[in-house]
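Beneath this line is the structure, given in structure tokens, with notes to follow.
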Protein chains: 2
Amino acid sequence: MDDKKNIIVGAGLVGSLLGLTLLRKGNRTTIYEARSDMRMSAKASGRSINLALSHRGIKALEMLGIKEQVLQYGIKMKSRIIHALNGDILVQDYGTREGEYINSISRKTLNEILMNELQKIQDDAIVFDTKLESVDSHQNEFVFSSKNGNRIVEKNCRVFGTDGSASNTRDYFLNQSGHLRFNFSQTYQNYGYKELTLPASPSGDFQISSEGLHIWPRGHFMMIALPNPDGSFTCTLFAPFYGLEGFDSLRSIEEVENYFTKYFPDVFTKFDDLAEQFFENPIGNLVTVKCSPWHHNDSVLLLGDAAHAIIPFYGQGMNCGFEDVYELNRLIDEKKNWVEIFAAFTDCRKSNSDAIADLAEDNFVEMRDKVGDPLFQKKRAFEVELEKRFSNYYSKYSLVTFRPDLPYSTAMKRGRRQDEILMNFCATYATPDLDHAYSLLQEEGLFG
Amino acid sequence: MDDKKNIIVGAGLVGSLLGLTLLRKGNRTTIYEARSDMRMSAKASGRSINLALSHRGIKALEMLGIKEQVLQYGIKMKSRIIHALNGDILVQDYGTREGEYINSISRKTLNEILMNELQKIQDDAIVFDTKLESVDSHQNEFVFSSKNGNRIVEKNCRVFGTDGSASNTRDYFLNQSGHLRFNFSQTYQNYGYKELTLPASPSGDFQISSEGLHIWPRGHFMMIALPNPDGSFTCTLFAPFYGLEGFDSLRSIEEVENYFTKYFPDVFTKFDDLAEQFFENPIGNLVTVKCSPWHHNDSVLLLGDAAHAIIPFYGQGMNCGFEDVYELNRLIDEKKNWVEIFAAFTDCRKSNSDAIADLAEDNFVEMRDKVGDPLFQKKRAFEVELEKRFSNYYSKYSLVTFRPDLPYSTAMKRGRRQDEILMNFCATYATPDLDHAYSLLQEEGLFG
């Protein structure tokens, strides 16, 4: 359309996927990445070690022909595996249809595949160790600086900000908030998280089932675990920073060991070096970022966490970012020029990223608290039967996770209404009837 | 308590009032102000020309013994004077008790009084033409630069940020958002405003009544007017940026004149140079800023618009900022050290500034739309009778405006519940009964 150069800020998952997409379309593209090339290091980078890749993310990989290449490294998780305090285990399948599972995948592996693929097209596309230093919104000038002291000025390019929740590209908008009427919010949870590795057994096997995502719901805090290909699990403890069972109450080896003995007794003994890891690993923040507009003319566009960081409790952060790229690709094919593409992108993605942000906050409460509640469990069991009997019924989780043909906002509205109806129904009837429930849902037109 | 130096960023209304307060307490204080000394210029500075000073603001002036000195420049506004499209005028008194009026006052006059008073204590307290250039949160270093090129580094001071809605002091928090878990939002209205001067008559008299705040409610847009001591009025047109009756539809002299002829016919002919002013004066933004925490240890505290900018429709922006200073003064007297003072300040003011922010958004709808509605007018007339009969009944407006003994959050909760009860009551009964309504309100304990 024009021969402006594309600059992508950040070669994380969304930036690399976007880079591959643009390069495949024949657009000149440079990606600046603040960190070193992760392929040169055995260490995983700062953020969460593994992720749950599901249909919306897979849709984007399929578009680029790399779905199978990626999925070979994934571990299928078919269920939530819920660990009660007394050791009881409840297995809740995510879906009832063929292919309705999510995939535990290493962030590093996935990112490396994307980097390798895009460098097949343009070997020097990624410039590592080079961070966005400053933005001059009026001059439309982006200044990058490299670790070895080089200063690169990019002017009048088309800049894509995929630099995450603490995005510097966003300064383009924040520096001229009044002029652009840039709405922005960042909201921190009073909760933090800490990752802990549950090692493989000496023989290299999984110590607990690898067929699901494990949850230890404990009311106002919880732990989850996702399997890794090497037989280990990455456990993540989510807890309040302060107060009852908060991180601030865990200051000594004894306090940590007592906490795990008390709340996670079935898994505590399977760790090698729990307390050591606990004091070595940082406590991460949980932040939600919302803003708009995401674009200015055809100069700058924010995507992924830079535009809409969400908390991780629907397993949709990366999937939503990948769907951004999928939708942007569609708009590039449909629209005549970049001004239109960027405007249409904010237009179609904003309400959907707001929806998944809200769903993720709901799900935090659900995961740490409600999954242990008898009425919730009854409703969930009933819903599974409903899905099995009626192939056109999808639970809220399935609408969000396994129906990438539906926008998040539609999935949210429909899913919330379904939940309301079924919770009431299961509270009202001791032995709820499937056909009766179906007809109630049908009256509200909740299908299709 | 300690001998740290106080730095105030910004010598606007709140900064100057705070400066006076700290100096009166014998604290070493320097105020940096980006602009030139307004006393050297006849021109009013950028923001709104006049303001509605009411009881919460007056309480702070009284504390400093300058209430009378300020109020001599104020013009009493006892009522909302509502102009219907057909020329009908409805006068709604703000309150029914002695002293229940608000005061139109010039921003410049008020600011100058505060500056003069504080310079009586320390002549060199205000450093003009010197703006906050950058903040190094880790070094606790604030760098100021003056117009003539001087660079001033203030280190390990106690910094008060009173630099308004676009505060640079806030960078202290934004630069370390993750560390401080700094929640922040800025939200722009799709509405802008434009100020226009309605001149005095050739003989120097007011052309419309000076005894109230004039409103021309027109559904999705409106104009208001506040009297000035020279016989003029400052009119403010609030309208959408885009769309029906929006600013973007007013591009020619003819379009502006048609608009005013159509919507503000009773005042249109009283302007001298309406179209000229219209194209000369800028369109202002309406932004709400919320954030927390406002303090970090005893190093930095945000107050006024820097902490909680609100839209102007309750006439409480300055009053709320002045109440900040009043409350801070109280906490300085009560608490042992600055860490405690700052923490207690965020604690007691945050819920109240959130409340007035929400009330201001409600009131925008009320002023531009509801004041023209027959049921609203009936309820308001009934409420006035109720206030006259029962001296312990206060309307929501009175609770917010004339009861500085009640926190904003209490005034909001009580006022909203009263409105709900009385609107229902007036919708239900053709001739509502005062005693009956009073007993309903009494049942909910809405007094005191």
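The chains referred to below are lettered A, B, ... by the order of the sequence lines, with proteins before strands, and numbering in each begins at 1.
- The CE atom of A/M318 sits 4.5 Å away from the CG atom of A/L51 when rounded to the nearest 0.5 Å.
- When all heavy atoms of B/L302 and B/C291 are compared, the pair lying nearest together is CD1-SG, 4.1 Å.
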So B/V289 and B/F184, side-chain contact (heavy atoms from CB on, under 4.5 Å) or not? Walk me through it.
-> CA-CA 7 Å; B/V289 172; B/F184 173 71; 3.7 Å; yes

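- Distance CG/B/L180 to CG/B/L174: 10.0 Å, rounded to 0.5 Å.
- In this structure, B/F221 and B/P240 approach most closely via the heavy-atom pair CB-CD, 4.1 Å.
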Between chain B and chain A, identify all donor-acceptor pairs below 3.5 angstrom, including backbone and side-chain atoms.
from   : atom 1 : to     : atom 2 : distance (Å)
B/S177 : OG     : A/Q186 : NE2    : 2.7
B/G178 : N      : A/Y188 : OH     : 3.4
B/G178 : O      : A/N285 : ND2    : 2.9
B/F182 : O      : A/Q186 : NE2    : 2.9
B/N183 : OD1    : A/Y188 : N      : 2.5
B/F184 : N      : A/Q186 : O      : 3.0
B/F184 : O      : A/Q186 : N      : 2.8
B/Q186 : N      : A/F184 : O      : 2.8
B/Q186 : O      : A/F184 : N      : 3.0
B/Q186 : NE2    : A/S177 : OG     : 2.7
B/Q186 : NE2    : A/F182 : O      : 2.9
B/Y188 : N      : A/N183 : OD1    : 2.5
B/Y188 : OH     : A/G178 : N      : 3.4
B/N285 : ND2    : A/G178 : O      : 2.9

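- For a residue to count as touching a neighbouring chain, one of its non-hydrogen atoms must lie under 4.5 Å from one of that chain's; by this rule B/F241 touches chain A with the side chain only.
- B/F342 is not listed as a side-chain neighbour of B/L331, based on a closest heavy-atom distance of 4.5 Å or more.
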